[in-house]
K.L.:
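I have a structure here, written as structure tokens, and I will follow up with some questions on it.
One-based numbering, in listed order, for ligands and for the atoms of each. Excluded from the calculations below are hydrogen atoms, water molecules and symmetry mates; all remaining heavy atoms, backbone and side chain alike, are included.
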Amino acid sequence: MLGTECSGVVEAVGAGVTRFRVGDAVVAFRGAAMGAHAAYLCVREDGPVAPKPDGLSWEESAALLFGGTTALHYLREARVKPGERVLVLGASGAVGVAAVQLARHDGAEVTAVCSAPNASLVTELGAARVIDYRTEDFTRDDARWDVVMDCVGATDYARCRRVLAPGGRLLRVVCGLGGQLAAAWQGRLSGHRVIAGVAAERPEDVQRLVELARAGEYRAVIDASMPLSRIAEAHARVDSGRKRGSVVVTMEGDVLGCD
Ligand SMILES: NC(=O)c1ccc[n+]([C@@H]2O[C@H](COP(=O)([O-])OP(=O)(O)OC[C@H]3O[C@@H](n4cnc5c(N)ncnc54)[C@H](OP(=O)(O)O)[C@@H]3O)[C@@H](O)[C@H]2O)c1
């Protein structure tokens, strides 16, 4: 994605703007509109923009929203309840690290699926159990989960059905059109739900993530930070499928864009 979120300083405000003033530090989510690989951006004051949390770096603030808004959307769709068992597949990506923290914050017991080098990261973020996908197949595990959230497109309903508890939900964050269409009926006979599609972009989710970050309940994970002059390298890192959390792109001055 070409710049989905950013942090920076308000340079100018339109007539009638009351929520922000010139000089305010903010974070903003561009989502599918992208365009945050830029020195200047125009955002609506009632849009997905919020004051930057004090105490976080520009990079940490810029990386709060892409994974966070996606994780909030899917966990809300799944109606995760305290005490439920949530498995996050791809727990070390930008969406995954947010999902682990936000599910844990909602009182869920989180199992993280990632490779061994990322086990300590996801444990620190709140995972109670870690499964190394390179040596273990969670779909053959004896455990059952109320929610399986696939953040990397590595599974489907046929493979997960056995490990979904009664009433279980499979969240397919990465899923082609065929899978999205099938989600409407898959699992119904077994009492399961499959949820797929594009995450909503809600200003209130941006506000919530900022509040959680301010309270120390949620944080971004930064894989790398590179200046715009190294944008090709930044995208190559994202495309590798190996990044931990987010890759941040720094602009001239204090304006940041993020992938
Ligand atoms: N539906 C929506 O609205 C929506 C919104 C936002 C994002 N997305 C999609 O969500 C996906 C996730 O993006 P992202 O930035 O969070 O992460 P990502 O870059 O796709 O994931 C990278 C991480 O996943 C791990 N990984 C790779 N293969 C794995 C596997 N088979 N099992 C477990 N972990 C695995 C990697 O760890 P190792 O190196 O250790 O393997 C790496 O840390 C993207 O495809 C994006 O387009 C969808």
K.L.:
Just go through Val221, Val247, Ile131, Val174 and tell me whose heavy atom is the nearest to atom 10 (O) of ligand 1.
P.N.:
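Looking at heavy atoms only, the winner is Val174.
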K.L.:
Would you say Val238 has any N or O atom under 3.5 Å from an N or O of ligand 1, going by distance alone?
P.N.:
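Val238 vs ligand 1: no N/O contact under 3.5 Å.
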K.L.:
For residues 231-242, pull every pair meeting salt bridge (Lys or Arg N to Asp or Glu O under 4.0 Å), keeping only residues two or more places apart or in separate chains.
P.N.:
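Qualifying pairs: Asp223-Arg237, Arg230-Glu233.
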K.L.:
Between Arg214 and Glu211, is the closest basic N to carboxylate O distance under 4.0 Å?
P.N.:
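Judged by the 4.0 Å cut-off on N to carboxylate O distance, Glu211 and Arg214 do not form a salt bridge.
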K.L.:
Counting from 1, what ligand 1 atoms have a heavy atom of Cys151 closer than 4.0 Å?
P.N.:
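Those atoms are 10 (O), 11 (C), 12 (C).
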K.L.:
With a 4.0 Å cut-off, would you call Arg162 and Asp141 a salt bridge?
P.N.:
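Result for this pair is no, no salt bridge flagged.
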K.L.:
Ion pair present between Glu217 and Arg208, side-chain N to carboxylate O less than 4.0 angstrom?
P.N.:
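Salt bridge between Glu217 and Arg208, a charged N being under 4.0 Å from a carboxylate O: no.
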K.L.:
If you draw a 6.0 Å radius around CZ in Arg19, do more than 12 non-hydrogen atoms from other residues or ligands fall strictly inside?
P.N.:
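Yes - once you tally the heavy atoms of other residues, nucleotides and ligands closer than 6.0 Å, there are more than 12.
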K.L.:
Backbone, side chain, both or neither: what part of Tyr74 comes under 4.0 angstrom of ligand 1, heavy atoms only?
P.N.:
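The side chain, only.
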K.L.:
Classify the contact between Thr70 and ligand 1 as side chain, backbone, both or neither, using a heavy-atom distance cut-off of under 4.0 Å.
P.N.:
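For Thr70, the contact with ligand 1 is made by the side chain alone.
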K.L.:
Taking both backbone and side-chain atoms of Arg244, is any N or O found less than 3.5 Å from an N or O belonging to ligand 1?
P.N.:
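Min N/O separation from ligand 1 is not below 3.5 Å for Arg244.
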K.L.:
Going by heavy atoms in the side chains, are Val9 and Trp58 under 4.5 Å from each other?
P.N.:
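Contact flag for Val9/Trp58 side chains = yes.
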K.L.:
With respect to atom 27 (C) of ligand 1, which of Glu201, Arg172, Arg242 exhibits the smallest heavy-atom separation?
P.N.:
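Answer by nearest heavy atom: Arg242.
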K.L.:
At less than 4.0 angstrom from any non-hydrogen atom of Ser115, what atoms of ligand 1 do you find?
P.N.:
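Per the distance check, 38 (P), 40 (O).
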K.L.:
Select one of side chain, backbone, both or neither to describe which atoms of Ala94 lie under 4.0 Å from any atom of ligand 1, heavy atoms only.
P.N.:
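The answer is both, backbone and side chain.
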K.L.:
Does Val198, backbone or side chain, put an N or O under 3.5 Å from an N or O of ligand 1?
P.N.:
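Looking only at distances, the answer is no, because the N/O contact criterion of under 3.5 Å is not met.
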K.L.:
With sequence neighbours excluded, tell me which residues meet ring pair (Phe, Tyr, Trp, His ring centres under 6.0 Å) with Tyr157.
P.N.:
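Once residues adjacent in sequence are excluded, the partners of Tyr157 under the ring pair (Phe, Tyr, Trp, His ring centres under 6.0 Å) criterion are His192.
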K.L.:
Counting each atom of ligand 1 from 1 as listed, which ones have a heavy atom of Lys243 under 4.0 Å away?
P.N.:
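Near Lys243, the atoms of ligand 1 are 14 (P), 15 (O), 17 (O), 19 (O), 22 (C), 23 (C), 42 (C), 43 (O).
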K.L.:
Inspect the surroundings of CZ in Arg85 and state if more than 12 heavy atoms from other residues, nucleotides or ligands are less than 6.0 Å away.
P.N.:
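Atom CZ in Arg85 is packed in, count exceeds 12.
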K.L.:
Would you kindly specify which portion of Gln180 sits under 4.0 Å from ligand 1, judged on non-hydrogen atoms: side chain, backbone, both or neither?
P.N.:
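Under 4.0 Å from ligand 1, Gln180 contributes no heavy atoms.
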K.L.:
Using a 4.0 Å heavy-atom cut-off, which part of Val173 comes near ligand 1: side chain, backbone, both, or neither?
P.N.:
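It is both backbone and side chain that touch ligand 1.
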K.L.:
Looking at ligand 1, does any of its N/O atoms fall within less than 3.5 Å of an N/O of Ala91?
P.N.:
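No - when backbone and side-chain N and O of Ala91 are compared with those of ligand 1, no distance drops under 3.5 Å.
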